Amino acid sequence: YVSSGQGVLLDIDVQGARQIRSRIIDTSLGYATEFVFIGPPSYSEMERRLRSRGTDREDVIERRLKNAYNELDAWNEYDFLVINEDVQTAAEQLQAILKATTCTTSRILGNPWPDLERAL
């Protein structure tokens, strides 16, 4: 899809994002890639959400919280930050980012004005 100009959205953790970034840095794909960090409004709210689901054992919750504590520090490695305080608002912000990035000059393949050379 990428080579045909189609966007690709990946839902990956911080380690996965770091691996991808290290492999595509200084490539045409790297210049056309944006990283979006989606985070909770606070650590305590994230913990509350995890516990309120009632789907994980305590040891799983503790492990996820420990991992998240370290991963939240990585927000500034990303191009965009979306705070998921409200699902609707976060979805709208992500949509806006996706729409805006299709207009970035690094994503435009070739000359956007092919008739410009003939006019001069």
Side-chain angles (χ1 to χ4, degrees):
Y1 290 119
V2 175
S3 61
S4 68
Q6 295 293 314
V8 175
L9 181 65
L10 302 175
D11 178 11
I12 55 177
D13 62 12
V14 170
Q15 291 78 20
R18 286 175 177 156
Q19 285 181 352
I20 289 173
R21 186 180 295 110
S22 72
R23 291 182 182 178
I24 65 170
I25 197 165
D26 294 331
T27 69
S28 58
L29 181 58
Y31 294 120
T33 300
E34 304 292 341
F35 290 87
V36 180
F37 189 98
I38 302 176
S42 67
Y43 183 79
S44 58
E45 175 61 14
M46 180 182 59
E47 181 176 4
R48 187 198 67 73
R49 289 176 184 180
L50 279 173
R51 293 187 186 285
S52 69
R53 291 179 190 160
T55 57
D56 293 321
R57 296 184 327 262
E58 182 62 25
D59 62 318
V60 172
I61 291 173
E62 290 299 323
R63 187 184 77 242
R64 291 185 69 185
L65 289 171
K66 182 181 175 188
N67 289 340
Y69 183 81
N70 294 322
E71 288 188 350
L72 288 175
D73 265 350
W75 69 269
N76 59 356
E77 297 175 22
Y78 289 70
D79 303 304
F80 297 92
L81 173 64
V82 173
I83 301 294
N84 184 11
E85 190 159 348
D86 169 71
V87 173
Q88 181 66 34
T89 302
E92 289 170 1
Q93 290 174 341
L94 183 58
Q95 246 182 338
I97 292 167
L98 294 173
K99 190 174 217 176
T101 58
T102 63
C103 301
T104 59
T105 56
S106 62
R107 293 183 187 274
I108 298 172
L109 303 174
N111 183 352
W113 298 282
D115 63 335
L116 184 62
E117 290 177 26
R118 283 182 272 140
L120 298 176

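In this text the structure is predicted, and so the values were computed from the model without any measurement.
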Asks: Under 4.5 Å between any side-chain heavy atoms of Leu72 and Phe37, yes or no?
Replies: yes
Asks: Rounded to the nearest 0.5 Å, what separates atom CG in Asp86 from atom CD in Gln88?
Replies: 7.0 Å
Asks: From Asn67 CG over to Gln15 CD, what is the distance, rounded to the nearest 0.5 angstrom?
Replies: 7.0 Å
Asks: Between Arg48 and Pro40, is there a side-chain heavy-atom distance shorter than 4.5 Å?
Replies: no
Asks: Output the distance between atom CG (Asn84) and atom CE (Met46), rounded to the nearest 0.5 Å.
Replies: 12.0 Å
Asks: Check the pair Gln19 / Ile12 against side chain to side chain contact (heavy atoms under 4.5 Å, CB included), numbers first and verdict last.
Replies: CA-CA 10 Å; Gln19 285 181 352; Ile12 55 177; over 6 Å; no
Asks: Scan residues 61-70 for pairs that pass salt bridge (charged side-chain N to carboxylate O under 4.0 Å, His left out), counting only residues two or more places apart or in two chains.
Replies: Arg51-Glu62, Asp56-Arg64
Asks: When rounded to the nearest 0.5 angstrom, what distance separates CZ in Arg18 from CZ in Arg23?
Replies: 15.0 Å
Asks: Measuring from atom OG1 of Thr89 to atom CD1 of Ile83, what distance do you get when rounded to the nearest 0.5 angstrom?
Replies: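 Here the interatomic distance stands at 12.5 Å.
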Asks: I'd like to know if Leu81 and Tyr78 are part of one continuous hydrophobic network [Ile/Leu/Val/Met/Phe/Trp/Tyr, side-chain heavy atoms within less than 4.5 Å].
Replies: yes
Asks: Of all residues at least two apart in sequence or in a different chain, which pass the salt bridge (charged side-chain N to carboxylate O under 4.0 Å, His left out) check with Arg57?
Replies: Asp59
Asks: Sorted by first residue and then second, give each ring pair (Phe, Tyr, Trp, His ring centres under 6.0 Å) pair with at least one member in residues 39-59; sequence neighbours left out.
Replies: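 As it turns out, the ring pair (Phe, Tyr, Trp, His ring centres under 6.0 Å) pairs with a partner in residues 39-59, which skip direct neighbours, are Tyr43-Tyr69.
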Asks: Which ILVMFWY residues are connected to Val87, directly or by a chain of links, through side-chain heavy atoms under 4.5 Å apart?
Replies: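 For Val87, no cluster forms, as it stays isolated from other hydrophobic side chains.
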Asks: Could you list the residues that satisfy ring-ring contact (aromatic ring centres under 6.0 Å, His included) with Phe35, not counting sequence neighbours?
Replies: none
Asks: Does atom CD (Glu58) have a neighbourhood of more than 12 heavy atoms from anything else shown, all under 6.0 Å?
Replies: yes
Asks: Checking one residue: Phe80. Which other hydrophobic residues are in its cluster under the side-chain 4.5 Å linking rule?
Replies: Leu9, Val36, Ile38, Val82, Leu94, Ile97, Leu98
Asks: Looking only at heavy atoms, which two atoms of Ser52 and Arg49 are closest? And how far apart?
Replies: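 The answer is OG-O, 3.1 Å.
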Asks: Distance check, rounded to the nearest 0.5 Å: Glu92 atom CD versus Lys99 atom NZ?
Replies: 12.0 Å
